[in-house]
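Heads up, the thing below is written out as structure tokens.
Convention: sequence-line order gives letters A, B, ...; per-chain numbering from 1.
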Number of protein chains: 2
Amino acid sequence: MARNEQSILDAASRVFSTSGVDAPVREVADAAGVGMGTLYRHFPTRSDLMVAVYRHQIDECADAGPQLLESSASPFVALQEWVHKYADFLTTKHGLGNVWQGDAAGLSALHQLFLDRLLPVLAELLEAARTSGEVAADVTPYELLRAVGDLVAWNVNDPNYDVLRIVNLLLAGLRQPPTT
Amino acid sequence: MARNEQSILDAASRVFSTSGVDAPVREVADAAGVGMGTLYRHFPTRSDLMVAVYRHQIDECADAGPQLLESSASPFVALQEWVHKYADFLTTKHGLGNVWQGDAAGLSALHQLFLDRLLPVLAELLEAARTSGEVAADVTPYELLRAVGDLVAWNVNDPNYDVLRIVNLLLAGLRQPPTT
DNA sequence: TGCGTAGCGGAACGACGCTCCGTATTGTTG
DNA sequence: CAACAATACGGAGCGTCGTTCCGCTACGCA
């Protein structure tokens, strides 16, 4: 029982990293040597499977927030570095962009996880950078989290699209007061 | 023949605007009172159908570029207003974000149309704003076009996500020199 | 040894984009 | 005006998804 759950998890992270995050559920089941029924009893939805696979990395990313806030030269630098970390995570999982697609695609569980774990962290970083006077723009943490996600998530290793550069562009915008 | 093509086009724009851009092709065929075969002979791909439906609006958007450059107070303002126009277009077509998803989803024709028509326009606007000294950041027109697209395209009328604000954030970033 | 139940596999379902082929509808000839 | 191409058409069918469902296996306890 738990034996199967673990082998499914192992298979899933193996399959997701080789065939991409969009790999068919069947492929994961096959790789785990398990039937569809078994897989779906443990993970009722594709999204639940992804949550299980990525939870650890998301936690790691979340934990890095307060840490960076302490160790960095300024709140803004911390914010910047955290966003880079977050962007890196999403970039390596091509196709994880669906997370922000709202109701669609049955990724609600993963969506929720992002909101629960990452939103508070970003909120804290943003607030700190705002009180230190380094951020003047008028944005909510949610908007920023989603914006960076959108910017990054569909990156398909396009040599003409430098993700880091674009993300930094957005961050640079934070320094300036809102335009009408 | 051409009679059918027109009714398919009409049906498509009707269906896309009511059921969303992701509406099944079958639905368009039914709405047009036409079989799948007929639809696919005129528009061999979902993407071709969308190209046909949106070409006019895309052309309009493209034509607005040089126009804005003349009439606006400064190149940067023109750039800003054009980007707003572009963003508005994408926003009203929920789900058109797939366009930037690269190879996927068989949207290549639409992708190409964006590149052909909009990229040169944005390039001109960006170049003008750069020579006027209002843009210091190091971005290619392609990156900017895609970034704005990504930012906007999955908007699902989320009251917590103000598209215009986010786009302006990115534009504000353009003013500043690149950070390392 | 028998039986109840929990855990399992994989066929099957509905939705999708797209293809294919038999049929209707033209329009051109003798 | 009739016979016959050539063209246009409709919709069933295919392969791929995510997900569901059901018959079967294998184990625990009497």
Electrostatic pair [X]:[Y] at N-O distance under 4.0 angstrom:
| X | Y | value |
| --- | --- | --- |
| B:Arg117 | B:Asp63 | yes |
| A:Arg146 | A:Asp150 | yes |
| B:Arg14 | B:Asp10 | no |

Counting C-beta onward and ignoring hydrogens, is there a side-chain heavy-atom pair between B:Gln80 and B:Leu68 closer than 4.5 Å?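 Side-chain contact under 4.5 Å: no.
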Determine whether B:Ile8 and B:Leu49 make a side-chain contact, defined as any pair of heavy atoms from C-beta on separated by less than 4.5 Å. yes
Can I get a per-line list of side-chain donor-acceptor pairs under 3.5 Å for residues 119-135 of chain A, giving both atom names and the distance, sequence neighbours left out?
residue: A:Arg130; atom: NH1; partner: A:Ala137; partner atom: O; Å: 2.7
residue: A:Arg130; atom: NH2; partner: A:Val139; partner atom: O; Å: 3.0
residue: A:Thr131; atom: OG1; partner: A:Glu127; partner atom: O; Å: 3.4
residue: A:Thr131; atom: OG1; partner: A:Ala128; partner atom: O; Å: 3.0
residue: A:Ser132; atom: OG; partner: A:Ala129; partner atom: O; Å: 3.1
residue: A:Ser132; atom: OG; partner: A:Glu134; partner atom: OE1; Å: 2.7
residue: A:Glu134; atom: OE1; partner: A:Ser74; partner atom: OG; Å: 3.4
residue: A:Glu134; atom: OE1; partner: A:Phe76; partner atom: N; Å: 2.9
residue: A:Glu134; atom: OE2; partner: A:Ser74; partner atom: OG; Å: 2.6

Rounded to the Å, how far apart are [X] [atom1] and [N] [atom2]?
| X | N | atom1 | atom2 | answer |
| --- | --- | --- | --- | --- |
| A:Leu39 | D:dC21 | CG | C1' | 16 Å |
| A:Tyr40 | C:dG7 | OH | C1' | 18 Å |
| B:Met50 | C:dC18 | CE | P | 11 Å |
| B:Asp30 | C:dC16 | CG | P | 11 Å |
| B:Leu49 | C:dC18 | CG | P | 10 Å |

Indicate for each nucleotide in nucleotides 8-17 of chain D, in 5' to 3' sequence, whether protein heavy atoms under 4.0 Å reach the base (B), only the sugar-phosphate (S), or nothing (-). SBBBBB---B
Between A:Glu143 and B:Asp162 the two heavy atoms that sit nearest each other are OE2-N, 2.8 Å
Quantified as the angle between the terminal helix axes (five pairs each), what is the overall bend of the helix from C:dT1-D:dA30 to C:dG30-D:dC1 to 10 degrees? 40°
In terms of relative ring orientation, are A:Tyr54 and A:Phe89 parallel, tilted or perpendicular, with 30° and 60° separating the classes?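 Aromatic pair A:Tyr54/A:Phe89 classed perpendicular.
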